[in-house]
Every structure is written in structure tokens, then in C-alpha cells.
*Asks:* 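First, the structure itself, so that you have it in front of you.
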Amino acid sequence: MQTKESLKQEAQRILRANDRGGFTIPTAGLYPFQWLWDAGFTALGWMQFDERRAWEEFDRLFLGQWENGMLPHIVFHRPEPTYFPGPERWGVARTPPTSAITQPPVVATFVRWMLEQAQDQALAEAKARSLYPKILAYHRWFKRERDPANTGLITVLHPWETGADNSPAWDEALARVEVDPALPPYTRRDTAHVDPSQRPHQTEYDRFLTLLEVYKRAGFDQLGLLRECPFRVASLLIDCVLHRANRDLLWLSRRLGLGNEAEIEGWLKASQQGIESLWDEEAGLYFNRDLRTGEAIRVGVSASFLPLYAGTASPARAERLLRTLQDWAQQVRYLIPSTDPYSPRFEPQRYWRGPVWAVVNYLIALGFAEYGYPEMAERIRQDTLKLCEVTGFSEYFHPLTGQGLGGGAFSWTAAIYLAWGQAAGPVR
Ligand code: DGY
């Protein structure tokens with residue numbers, strides 16, 4: 001095992017090696033462009049040793065923002081043949097080309113944390129001011145185009161938007177997507193980089209790609225897709241991350257004297273109720289919801305704990321979540337498995353069906369700390385650091401053996417090590 005200091009050097013080296021001149025790729029080969037939520041965690045990593053470079057990550061990310069405010073999940077800054085589906089398949093006529101879906105909207109939260117941590121306050125404030133209207137436009141897009149009826153829950157149109165692509169939570173909803181018989185042929189590239197047993201199944205990929213054709217046929221018209229898209233779910237990853245991001249946007253508004261407070265408070269009121277409507281008393285967990293059937297998706301996933309991070313849970317529900325996670329901990333060596341380890345759908349090495357993800361751990365540990373459970377928060381932090389120390393900066397980890405899985409030399413895992421290795425994290 002390497003020392004903490006040499007690991008820190010190694011984590012910095014990974015970010016530098018993955019730097020493509022202002023934006024950081026998650027890992028070479030498998031993910032050679034800039035991804036939305038990766039960019040947030042990665043910026044926090046850069047912040048620990050190069051503040052100017054950290055802010056640049058967001059400048060580059062917002063080059064991909066659409067005129068309607070949408071922030072796409074991938075910005076294809078330059079051509080790279082090692083990934084599929086690339087810009088040609090998405091067919092978005094923009095410069096730089098982008099995907100046409102979004103991802104957990106972490107940016108406002110990271111801007112707040114970075115502003116709070118910055119040594120160079122003048123730079124941080126200038127950057128926060130310039131980013132603020134762009135983030136506001138993005139959050140308005142969510143409300144206008146993905147929750148026009150003000151239900152307090154965002155409609156998600158693709159498993160990729162949730163970040164947890166092949167979570168068992170999406171199994172039924174995805175199975176209902178009929179594979180397009182005219183689906184243009186394609187070759188997966190992910191399984192050329194990573195052992196297929198650690199990646200989504202082919203049946204899922206056919207549906208992931210079918211959904212792209214649905215969007216293209218709809219001319220990316222969101223309100224039409226809200227009615228017609230064959231995949232429509234409410235995702236705890238999106239709703240909880242957005243709720244916290246709106247809290248942080250409100251904080252930025254006040255701190256920078258920028259107004260819009262009543263508007264953001266209105267969103268928070270709705271999403272508070274929306275998220276809490278996902279609670280399941282019997283299971284002691286929050287569940288995602290299938291918006292085509294209106295039914296709860298009764299499979300526990302790591303995102304089921306995110307209302308702690310959002311801050312919407314009551315103290316009584318937080319206590320139940322603690323007990324549920326303590327129970328999960330009996331089944332695994334490392335927290336937090338991405339799927340309930342008691343579930344028959346738990347697959348400890350397959351992407352979002354079981355493995356531990358450092359970034360999700362960071363958010364949930366923060367939630368436990370804020371609800372007054374420092375021991376659980378510290379347990380999650382120590383498990384995460386140990387996984388990096390024992391097996392390196394992998395994309396995700398086996399919750400029973402600690403084996404590193406997926407892509408190697410992974411930016412957001414290195415970033416979490418840097419951010420979390422220094423201190424217990426932004427707890428307030
Ligand atoms: C992938 O290609 O695996 C990504 O998660 C989609 O963004």
C-alpha cells in the first residue's frame with residue numbers, strides 16, 4: 001500500500017494526465033470527452049491544488065450549454081474515435097457538438113463549495129458571478145421543460161440522465177422501450193476498454209440507442225417528449241441533486257446580491273414535497289418512480305439515501321435511513337453498494353448494479369454528517385479512502401472484495417481522494 005502523500009501525488013498526476021487543455025476527461029479511451037457531473041467533482045479536485053484550473057472546468061463545460069438553458073451531459077470538444085455514441089450519432093448541430101440529454105445538475109453546489117474554499121476570493125467571486133446566470137438558465141430549463149405541471153419531480157427521459165445508467169431501478173421502465181426495428185447498426189466501444197461483465201448488457205444498449213432515435217425524430221422537443229418518450233421516470237439522483245443545487249443557487253443569489261430569490265424558493269417548496277412523496281415507510285427508504293405507470297420502483301439503490309444530501313428528510317426518516325444502511329453494511333465489506341445487497345438484482349461488479357462509487361459516497365456521507373450521524377459519515381469516508389489506497393483510482397469498486405472495476409486512472413475518483421483526503425468535506 002502506498003502512503004497517503006504518494007497517493008495524493010498520484011491523484012494530482014491523474015487529473016493532469018486527463019487534462020485536455022481546460023477540460024478533464026473522465027478517463028482515456030472509455031470516456032474521452034467532458035461529462036457534466038464528472039466536471040463538478042473534478043473541479044473540486046483541481047481546487048485542492050490549482051484554483052485557476054478548477055474554475056476553467058466550468059467555463060469549458062458551459063460552452064456546451066444550449067440556448068434554451070439545457071446543459072448537456074457530454075460536450076464533444078474534439079473528435080475522438082474511442083467512444084460510442086459520439087457526435088455523429090447524437091446529430092446535434094452545434095459547435096462544440098453535444099449530446100441532447102442532461103445529467104445530475106451538481107454545478108451550483110460545487111460553485112458554492114469552491115467559492116467558500118477559495119484562497120483567491122477575487123477570482124472565485126468573479127467566476128461565480130459569471131456562472132450564476134448560466135446556472136439559473138439551466139435550472140429554469142429543468143422547471144419549464146421537465147416539470148411544467150409543477151409536480152416537484154423532474155421527468156427524466158434516459159437512464160444516462162440519472163448518471164446510474166444500468167441501475168436495476170430502470171429495469172422495468174427500460175424493458176418497456178421497444179427496440180427500434182430500424183435502429184441503425186452500431187458497434188459498442190465501451191466493452192473494448194472494460195470487461196463486459198462490468199458494463200451494461202447488450203439489451204440495455206439497444207434501448208439506450210433506441211431512445212436517441214426517439215429524440216431525433218422529435219427534433220429534441222422536450223414538451224412533446226414528456227408525453228411521448230417511452231422512458232419516463234423520476235430519479236432521486238436528479239431530484240435530490242437539483243434540490244441541493246437550488247439551495248446553493250439561492251445561497252449564491254444572496255451572497256452575490258443577485259435577486260431571483262422568490263423564484264428559487266418556489267422551486268424548493270415544490271421539490272421538497274416531490275422528494276418526500278418518494279418515501280416508503282415499510283422499506284425505510286426512498287424509491288424512484290416510474291412516471292409512465294405512476295408506480296414506485298421498489299428496489300433500494302444508493303440514491304435512496306440522497307434525500308439526506310438534499311436535506312428534505314425529516315429527522316425520523318433520517319434515522320430510518322441510518323438503520324437501513326447499517327443493515328446493508330452487514331452484507332458488504334465496503335459502503336455504499338449501488339444496489340441493495342439483499343436484492344436479487346444485486347450484481348457486485350456490474351457498473352450501477354452493485355459496485356461502490358466514490359462520488360455518491362461523498363454526497364451521502366455529507367448528508368449523514370449534516371443530519372447528526374458523524375460516525376456513519378466517517379465510516380463511508382474511510383471506506384472510500386481505503387478503496388483508493390488499496391486498489392487505486394478506479395471508476396468503481398467491488399463492495400465485497402474492494403477490487404477496482406471499470407475504467408482506471410479515473411478523474412472523479414482521484415478528485416474525491418484529493419477533496420476528502422484533506423478534510424472531512426464541506427459540512428455545515
Ligand atoms: C456511457 O456511455 O457509459 C455513459 O455513461 C453515457 O453517458
Side-chain angles (χ1 to χ4, degrees), residues 18 23-42 61 64 70-77 79-92 96-106 156-170 174 177 183 186-216 220 231 233 235 237-238 241 301-303 338-339 347 349-355 357-360 394-396 405-408 410-413:
N18 288 342
F23 70 93
T24 313
I25 60 168
T27 187
L30 182 64
Y31 294 127
F33 306 105
Q34 190 180 28
W35 264 259
L36 193 167
W37 72 322
D38 294 68
F41 292 97
T42 303
L61 183 69
M70 201 270 284
L71 193 58
H73 94 302
I74 309 176
V75 186
F76 300 109
H77 289 290
E80 286 287 349
T82 61
Y83 177 81
F84 179 86
E88 310 74 30
R89 187 74 170 212
W90 280 99
V92 173
T98 67
S99 70
I101 56 171
T102 193
Q103 231 176 13
V106 292
V156 167
L157 301 177
H158 198 294
W160 287 342
E161 290 199 310
T162 71
D165 304 4
N166 68 335
S167 167
W170 320 134
L174 197 60
V177 174
L183 186 65
Y186 67 96
T187 306
R188 282 175 71 171
R189 299 259 182 258
D190 59 321
T191 42
H193 304 291
V194 171
D195 186 319
S197 70
Q198 299 169 20
R199 293 289 303 175
H201 291 287
Q202 187 56 37
T203 48
E204 290 157 339
Y205 252 80
D206 286 344
R207 289 174 171 82
F208 294 161
L209 270 299
T210 291
L211 288 170
L212 259 63
E213 302 306 316
V214 171
Y215 309 149
K216 285 193 269 186
F220 304 119
F231 181 90
V233 300
S235 145
L237 261 157
I238 292 278
V241 167
V301 288
S302 50
S338 42
T339 296
E347 289 182 71
Q349 66 179 29
R350 195 180 291 281
Y351 209 39
W352 287 93
R353 300 183 77 86
W357 292 75
V359 292
V360 176
S394 294
E395 185 181 5
Y396 43 95
L405 302 167
F410 216 87
S411 293
W412 73 7
T413 310

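Atoms within each ligand, like the ligands themselves, are counted from 1 in listed order.
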*Asks:* Considering only heavy atoms from C-beta outward, does the side chain of Phe231 approach that of Leu174 to under 4.5 Å?
*Replies:*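 Of all side-chain heavy-atom pairs linking Leu174 with Phe231, at least one is under 4.5 Å.
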*Asks:* Given a heavy-atom cut-off of 4.0 Å, could you list the residues near ligand 1 in chain and number order?
*Replies:*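 Residues within 4.0 Å of ligand 1: Tyr31, Trp35, His73, Tyr83, Trp160, Asp165, Arg199, Tyr205, Tyr351.
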*Asks:* For the residue pair Trp35 and Tyr31, categorise the inter-ring angle as parallel (less than 30°), tilted (30 to 60°) or perpendicular (more than 60°).
*Replies:*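 Aromatic pair Trp35/Tyr31 classed perpendicular.
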*Asks:* Are His77 and Gln34 side-chain neighbours, meaning at least one heavy-atom pair lies under 4.5 Å?
*Replies:*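 Yes - at least one pair of side-chain heavy atoms lies under 4.5 Å apart.
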*Asks:* Using a distance-only test with no angle check, is there a side-chain donor-acceptor pair under 3.5 angstrom linking Ser197 and Gln349?
*Replies:*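 Yes, because at least one side-chain N or O of Ser197 sits under 3.5 Å from a partner of the opposite role on Gln349.
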*Asks:* Are the aromatic rings of Phe220 and Tyr215 close, with centres under 6.0 Å apart?
*Replies:*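 Not under 6.0 Å, so no.
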*Asks:* Scan side-chain atoms only and decide if Thr102 and His73 contain a donor-acceptor pair under the 3.5 Å cut-off.
*Replies:*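 No donor-acceptor contact under 3.5 Å links the two side chains.
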